Amino acid sequence: MCAADLSIDLEQLAIRESEQIEWKENVADVDDVVQTLSAFANDLANLGGGYVICGAQEVKDEHDFPKLVRVGLTSSRLKEVEGQVLQRCRDRVSPPISPLVHEMPSDDPSTRLLIFIQPSTGYAHSVRSGNDGAKHWVRMGRETREARNGTLRELLVRKGAQEPWDRRVCSAATVNDLDLLAIRDALQRMRVFSADRGVEAYLSDDVQLSAMVPPLCGREPMTNILRPRNFAILLFGREPQRFIPGMISLFSIYPGRDRSDVQAERHELAGTIIEQSRRLNELLDVQSFITFDKNDKVNPNSVKYPRRALYEAMGNALAHRDYGESDPTRVTVFEDRIEVLSPGGLPLGVGLEKFRHGEAAPRWRNQTLAWFFNRLQIAQAEGQGIPTILRTMREEGCPPPVFDVDEARVICVLPAHPRYAMMREIRSVEQDLAIGDWEEAQRSVTKILERDPGNARALQLFAEVLTSLRDPAPLVKWLKTDGNEWEHLSRDVLLQFSEALVSGKDTSDEYRAIAHRLLSRAASGRLEERELRRVIVAMIRSRDHRNAIQLLDGYAKEHNEVHYSASFHQLRGDALIGMANKCLATARRSKTPHATRERAWDQFEQYAREAKDHLLKALTMSPDANLISTIELNMSYLEEQKDKARRFRRPRR
C-alpha cells in the first residue's frame, strides 16, 4: 500500500519518543526491518505504532541536538528493499501486516528515503526468520527485542490471545484442592459470608464476588471439567506450592550490611498467600520498634521502620509479582535497611520515574489479587501503595525508599531511621572502650559527632573516652565550636561532660569554670533524688561546694522528706567538708591578713562541726553497708583535717 499523500516531517520524527522511530542508514538485513515493523504492530508501549526510515541516520550536531543525515537509497536498492520487506510482512509475519510505504527526497538528488509506517494492531504478531521458529518482537526503548517470559505473557494477555495469568484455570488442580475453611474465613473478613448460602455456592463458574473478579472456578476447555482458577489456588489452595512452585516467601535476617555474615536467620514461608502475608506481618512487626531519646526535644520517639510502609511493600510484592516465575518473594533484613524483592518487572505501561515518585496510574498484573488484598486489608488496590510508602517514610524521618527495577524483578529498599544507621558504629566504640583501646574509640566517636553533633549516645561516649584518657582538651574544643547551645543537651550528657572536664591530671581554672556552668545547667529544672545525687557528686568533684550546698538546701525546702534520707545528709556533709577545706587553706596561707585568717579559722570550725552532725545522722539512718563505709571514711578524713587545723592554730611560745 502506498501513502504518497502523507505529509511526514522528519525533523519532528527525530524528536519523538525513541520507541516509535527506527533509523536505517544502510538496510543490511531486511529481516531486521520486518521484526521492527512487527514490534510496532504489537505496540507493547501503547504508542500507536511506529516508523522505519531507510536511508537516513540520526546524529548529534555541535550543540548536542538531534540532526538528520539524509543519505538515501538508490532507485534500484529502494525498490529491492520495498519489495522484500512487503513480501516478508505477508509471508513470514503471523498474522500478516501491511505497512504503509512513503518516499521522500534525500540530500542527494540521485537517492531517496524509504519510509515504512506501521500502525498498532489488535493482534500479537510473530515472525519467522530463516530456520528459527516463530518469535514475537517488541520495542524496548531504542531497541527491538524478542518478547520472552513475562514480557511475552503480557503481550499475549494485552492482545487477547491469552487470559491474564491469575484468571486462568489451573489445569492440574480440582475443586477438592480448595480449602473451604480458608474461603469461609476470607468471606467473613470481607463481611459477605452468609450462613444460608454457605461456601459451596462459590465453588462454581457463575458466582462472582465482584464484577472486577471472575468466579473462583472455571470450566476447562474441551473436557468441561470445573477447576479452580490460579488466583483461587493462591488465596485458598490446600497445597498451593504443588501447582505454583514460585509461591514461596523467604524472610532472612543478616546482622550486618550484606550477606557475607557467617550466621543468619531464615524463614521459608509456604501456605496460601494470605497465610504468608500474615506471617510476614508478624516477622516485620519485630523490626518496627520504637525507642525514646529524651535528648531530642522535637521528636523524642523514632521508629526504625514505619509499620505501614513495611506492610505496603510486602503487600505490593505479593499482589503484583509474576507468579509465572519460579523465584520466591524475598524479604531481607539487614542492619541498616530492609529489601523486598518481587519477581517480575513493572507491569507494562508503568513508567519507572513515575513509579519511583508514586505518580504512576494504577495498573495491576494480578487484578484479582489486588482486589482481594484491598478487601482483606493486606495492601492498597488503588495505586496508593507506593505513595503511602513514600509518605510514611517521610513523616517518620526515615530516608526515602529506593526502587531498583529491571525486567526480572522489582526491589523496594526501605532504609532504617538515621538514628539506627549509626548503631553499629556506636557499638564499635563501646567495644573499643571495653577492651581499653581508647585512642581508637576517640577516633571513631569523633567521626560520628562530625556527622551528627547532637547524637546523645555519641556525646556520652565522647565524654567517657576523654575521662578514660584523662584529657579533657578535645571536649573543651568541641564545646567552644559545636556545643554552644548547651540547653539542648540532656542532664546525663552535661554531667558526664563536667566529670570529664575535671578528670585531667591538672585541672585548670578555665576547665573548672566550664564544668560549673555545665553543672548549673544540669541542676536547673525538676530533679529526682537519684538525679540530685549525681549532680551533687559532680559538683563536689569539681570543687563547686557552695552551689552543691545551695542546691541541697533548695531541694530540702521543696521535699521535706529528704531530711530523713541518709544520702542527703552524707552529700551535705561531704559538701561542708569541702567548704571547711577551703577555709583551712585560706587560714594556712602566709600572706592572709590576720583578721581574715581568724575569720577563716572560725568558719572552718563551723563547717567541720556541721559536717560531722550530718555525717552522724547519715550513719544512723543508712542501712547500706557501702554507704556506711563511705561515711566512716569521710568522718576519719574530717578528724584528720581538724587535727591539722589545731596544730597550725596552736599559739607559738
Side-chain angles (χ1 to χ4, degrees), residues 8 10 12-59 66 68-69 71 73 78 80-102 113-159 161 344-352 405-408:
I8 299 177
L10 293 185
Q12 288 297 317
L13 289 181
I15 61 176
R16 284 196 184 186
E17 296 288 340
S18 59
E19 290 93 337
Q20 285 190 281
I21 311 297
E22 181 76 11
W23 305 94
K24 299 288 186 184
E25 180 183 6
N26 298 310
V27 187
D29 187 354
V30 173
D31 282 343
D32 185 53
V33 175
V34 175
Q35 291 166 3
T36 300
L37 289 171
S38 72
F40 287 141
N42 288 332
D43 193 21
L44 190 62
N46 197 29
L47 296 174
Y51 303 79
V52 177
I53 302 173
C54 304
Q57 181 185 14
E58 185 185 30
V59 297
L68 292 178
V69 178
V71 179
L73 302 175
L78 186 148
E80 178 185 6
V81 171
E82 179 183 349
Q84 290 180 355
V85 168
L86 292 178
Q87 180 182 357
R88 295 184 187 185
C89 285
R90 291 191 301 269
D91 299 342
R92 298 188 180 184
V93 179
S94 179
I97 55 177
S98 299
L100 303 175
V101 181
H102 186 67
L113 304 182
L114 177 63
I115 303 173
F116 294 99
I117 307 167
Q118 178 59 57
S120 172
T121 73
Y123 302 96
H125 300 272
S126 62
V127 181
R128 290 180 294 103
S129 301
N131 296 324
D132 296 338
K135 298 179 180 179
H136 293 79
W137 299 88
V138 294
R139 291 288 285 182
M140 295 288 185
R142 293 178 176 270
E143 299 179 2
T144 298
R145 298 183 186 178
E146 181 186 354
R148 299 179 180 177
N149 302 326
T151 303
L152 177 57
R153 290 193 295 270
E154 182 71 20
L155 174 64
L156 296 176
V157 168
R158 293 188 62 177
K159 296 298 183 177
L346 290 176
L348 293 173
V350 177
L352 178 56
V405 179
D406 60 27
E407 296 179 13

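Just so it is clear, the model here is predicted, and its values are computed rather than measured.
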Measure the spacing between [atom1] of [X] and [atom2] of [Y] and express it to the nearest 0.5 Å.
{"X": "R90", "Y": "I97", "atom1": "CZ", "atom2": "CD1", "value": "11.5 Å"}
{"X": "I53", "Y": "L114", "atom1": "CD1", "atom2": "CG", "value": "10.0 Å"}
{"X": "L73", "Y": "E25", "atom1": "CG", "atom2": "CD", "value": "10.0 Å"}
{"X": "E143", "Y": "E22", "atom1": "CD", "atom2": "CD", "value": "9.5 Å"}
{"X": "H136", "Y": "R148", "atom1": "NE2", "atom2": "CZ", "value": "13.5 Å"}

Query raised in the report: Do S129 and Q35 meet the criterion of a side-chain donor-acceptor pair at a distance under 3.5 Å?
Result: yes

Any side-chain heavy atom of [X] sitting closer than 4.5 Å to one from [Y]?
{"X": "M140", "Y": "L44", "value": "yes"}
{"X": "V52", "Y": "Q118", "value": "no"}
{"X": "F116", "Y": "V101", "value": "yes"}
{"X": "I21", "Y": "R142", "value": "no"}
{"X": "V27", "Y": "E80", "value": "no"}

State, to 0.1 Å, how close [X] and [Y] come at their nearest heavy-atom pair, and which atoms those are.
{"X": "L155", "Y": "A124", "value": "CG-CB, 4.3 Å"}
{"X": "F40", "Y": "Y51", "value": "CE1-O, 3.5 Å"}
{"X": "G48", "Y": "D43", "value": "N-OD2, 2.8 Å"}
{"X": "I117", "Y": "P119", "value": "O-CD, 3.6 Å"}
{"X": "L152", "Y": "A147", "value": "CB-O, 3.6 Å"}
{"X": "H125", "Y": "A41", "value": "CD2-CB, 3.6 Å"}

Query raised in the report: Can you list the residues that meet the salt bridge (Lys or Arg N to Asp or Glu O under 4.0 Å) rule with R128, with sequence neighbours excluded?
Result: none

Query raised in the report: Would R92 and D31 count as a side chain to side chain contact (heavy atoms under 4.5 Å, CB included) if you check the C-alpha gap in whole Å, the side-chain angles of each, and the deciding distance to 0.1 Å?
Result: CA-CA 10 Å; R92 298 188 180 184; D31 282 343; 3.5 Å; yes

Requested in this report: Could you tell me whether the side chain of D406 and the main chain of A408 form a donor-acceptor pair under 3.5 Å?
Outcome: yes

Query raised in the report: Taking N42 for the side chain and W137 for the main chain, is one N or O donor matched with an acceptor at less than 3.5 Å?
Result: yes

